[in-house]
Engineer: 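Dropping a structure here in structure tokens format, bear with me for questions.
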Amino acid sequence: MSSLDMEKLVSLCKRRGFIFPSSEIYGGIGGFWDYGPLGVELKRNIKDAWWHDIVRTRDDMVGLDCSIIMNPRVWEASGHVGGFSDPLVDCKKTKERYRADQLWVFIYRFNAKDDPGKHLEFWWGSLGGAPEEARKAAEARAAKVAKKLGQPLDSSVTGYMQLAPEDRDKVIGPSVDEAGTLTEPRSFNLMFKTFVGALESESNVAYLRPETAQGIFANFKNVCDTGRVKIPFGIAQVGKSFRNEINPRNFTFRSREFEQMEIEFFCKPEDAKEWYAYWRKARFDWYVKLGLRSEKLRLRDHDPDELAFYSTATADIEYAFPFGISELEGIAHRGDYDLTQHMKFSGKDLTYFDEESKARFTPHVIEPSAGADRATLAFLCEAFHEDVVENETRTVMKLHPRLAPIKAAVFPLVKRDGMPEKAMSIHKCIQQKFASFYDQTGAVGRRYRRQDEAGTPYCITIDGQTLTDDTVTIRDRDSLKQWRVPSANIDTIIEDLITGKTTVPGADSAN
RNA sequence: GCGGGUGUAGCUCAAUGGUAGAGCACCUGCCUUCCAAGCAGGACACGUGGGUUCGAUUCCCAUCACCCGCUCCA
């Protein structure tokens with residue numbers, strides 16, 4: 001799919017009511033999106049499928065729904081308050097961007113050539129994790145100047161962050177030869193700050209969570225104390241998270257408000273490697289099962305230098321979006337980092353006592369963390385098709401029946417002879433079990449096409465024959481095949497098709 | 001945050017310094033027995049705010065949003 005097709009998808013999403021720009025009538029707001037009538041059903045079906053497969057049908061998983069705003073100490077323990085904000089400096093000339101805390105300023109003083117009593121100062125900016133790392137580059141520049149002016153009188157080093165504001169203009173950026181091209185350090189803090197209580201003061205600062213995971217760790221003891229879980233087990237949570245992304249981009253892919261589907265799976269330290277391998281595969285297979293083609297998906301293991309310092313292994317499930325290959329879900333082996341951090345900061349014992357082995361230990365954690373909006377976008381991209389039928393383009397969303405916003409649409413072939421009444425009663429019947437849509441306007445072919453764009457897998461049409469033998473036609477979205485079935489147990493017939501218990505008949509038995 | 005581009009109806013596009021048009025979609029009626037039918041009628045738009053001008057959708061400035069590239073993404 002080219003980028004042109006991404007535009008088509010965005011257009012279809014808006015036209016058919018999948019996704020709208022947030023607060024559009026006020027000019028919108030970057031990084032926020034709304035789900036329309038079809039979109040909310042699709043996203044809900046994805047979250048429901050996840051919850052069903054991860055929590056309901058497993059005996060080693062329980063669910064949780066914790067608050068979005070937590071005690072701010074949670075985010076100190078997790079490292080988000082300290083590590084989630086980087087002061088950045090831009091070079092106005094080269095457009096390069098540096099981390100201000102890794103930019104060191106080496107000040108060298110030389111005697112001026114024509115006037116030995118006068119001193120010249122050079123403030124060279126140089127990059128490095130510590131001054132020692134940065135020194136080499138500065139020394140090279142000093143040596144160059146020394147050829148003209150002689151050896152420097154003295155030198156000193158300071159952090160760019162520590163400079164007085166009026167001195168920042170003196171600094172020569174790492175990639176330029178003139179001073180004054182660097183901006184003030186600006187803090188790009190990705191945490192959403194707010195205040196708890198009506199009075200705004202530093203003492204009641206709180207944060208909107210940047211991930212749902214920490215709520216699980218903070219509740220680990222509570223869940224264990226309910227006595228219904230034994231290691232190995234997992235806690236699952238679906239919910240909104242917030243990050244002040246520097247640059248939201250690519251439709252809903254990088255949003256500032258987004259929804260996560262996260263698992264923290266707790267196990268014995270010696271079993272962690274095995275569980276990591278298990279979840280790495282299980283989560284990949286889940287996307288394939290729901291319709292993402294495996295050749296568009298890839299499982300990418302992080303390089304050792306890419307890993308967070310506490311993680312021994314991390315893999316990303318990536319999807320080939322039209323705008324590039326990007327992450328849908330990360331599966332991380334987090335060791336005992338999180339529980340240890342929360343023990344340290346809360347002072348509470350979060351170790352686990354294993355009744356069988358009579359051993360006490362800090363569980364290790366495997367974290368499969370998925371983006372619900374990213375999954376939704378991937379399924380939309382995957383589903384989008386433009387088929388050519390009799391020289392006409394048919395836009396059809398080939399969504400997995402389990403995910404389709406509307407499972408069945410019911411049409412009277414024409415608006416008379418009691419067909420609308422019969423169709424309506426069938427629609428009401430199906431509606432008890434599935435999302436169903438009734439439509440009697442215009443030609444039936446147009447109604448089929450409308451449902452194609454919504455991704456509705458099955459259309460049911462009531463015709464003249466229905467009134468005599470009580471059968472209806474079912475039309476399959478992907479094959480365009482039609483066949484007759486009794487209307488009496490139509491809800492069960494649709495259910496069997498959705499669950500895969502039955503399949504579309506090979507023969508076209510339409511009238 | 002930087003550079004470039006775009007912004008006209010629900011969608012895709014057009015025209016214009018003098019009150020905006022088309023196709024598709026939508027609504028109503030008639031007609032219609034299976035894949036975007038026909039006829040008649042209808043509703044709907046110049047992203048926002050300033051400036052220039054007698055008059056701005058058009059020119060200028062700012063702002064917002066989106067797209068592309070950079071940057072960032074614990």
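Chain letters run A, B, ... following the sequence lines, proteins first, then strands; residues in each count from 1.
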Engineer: Between B:U33 atom C1' and A:R416 atom CZ, what is the distance in whole Å?
Structural biologist: 7 Å

Engineer: Looking at B:A36, does its base get a donor-acceptor pair with the side chain of A:R446 below 3.5 Å?
Structural biologist: no

Engineer: Does A:M419 or A:P21 map to a spot on RNA chain B nearer the 5' end, using the closest nucleotide for each?
Structural biologist: A:M419

Engineer: Starting at CD of A:E245 and ending at P of B:U71, how long is that distance when rounded to a whole Å?
Structural biologist: 16 Å

Engineer: Select from A:G30 and A:S78 the residue whose nearest nucleotide in RNA chain B is closer to the 5' end of that strand.
Structural biologist: A:G30

Engineer: Taking atom P in both B:U52 and B:C70, compute the distance separating them and give it to the nearest angstrom.
Structural biologist: 41 Å

Engineer: So, does the side chain of A:R447 form a donor-acceptor pair with the base of B:C35 at under 3.5 Å?
Structural biologist: no

Engineer: If you compare every side-chain N and O of A:S11 against the phosphate oxygens of B:U12 (OP1, OP2), does one of them come in below 4.0 Å?
Structural biologist: yes

Engineer: My understanding is that a pair needs two contacts under 3.5 Å, Watson-Crick or G-U wobble. By that rule, which nucleotide pairs with B:C66?
Structural biologist: B:G5

Engineer: C1' atom, B:A20 versus B:A37: distance in rounded Å?
Structural biologist: 31 Å

Engineer: Which nucleotide sits closest to the side chain of A:R15: B:C26, B:G10, B:C68?
Structural biologist: B:G10

Engineer: Between B:C67 and A:N250, is there an OP1 or OP2 to side-chain N/O distance shorter than 4.0 Å?
Structural biologist: no

Engineer: Which one, B:C35, B:U33, B:U12, comes nearest to the side chain of A:L480?
Structural biologist: B:C35

Engineer: Output yes when at least one side-chain N/O atom of A:R249 is less than 4.0 Å from OP1 or OP2 of B:C66, else no.
Structural biologist: no

Engineer: Among B:A37, B:C34, B:U32, find the nucleotide with the atom closest to the side chain of A:L413.
Structural biologist: B:C34

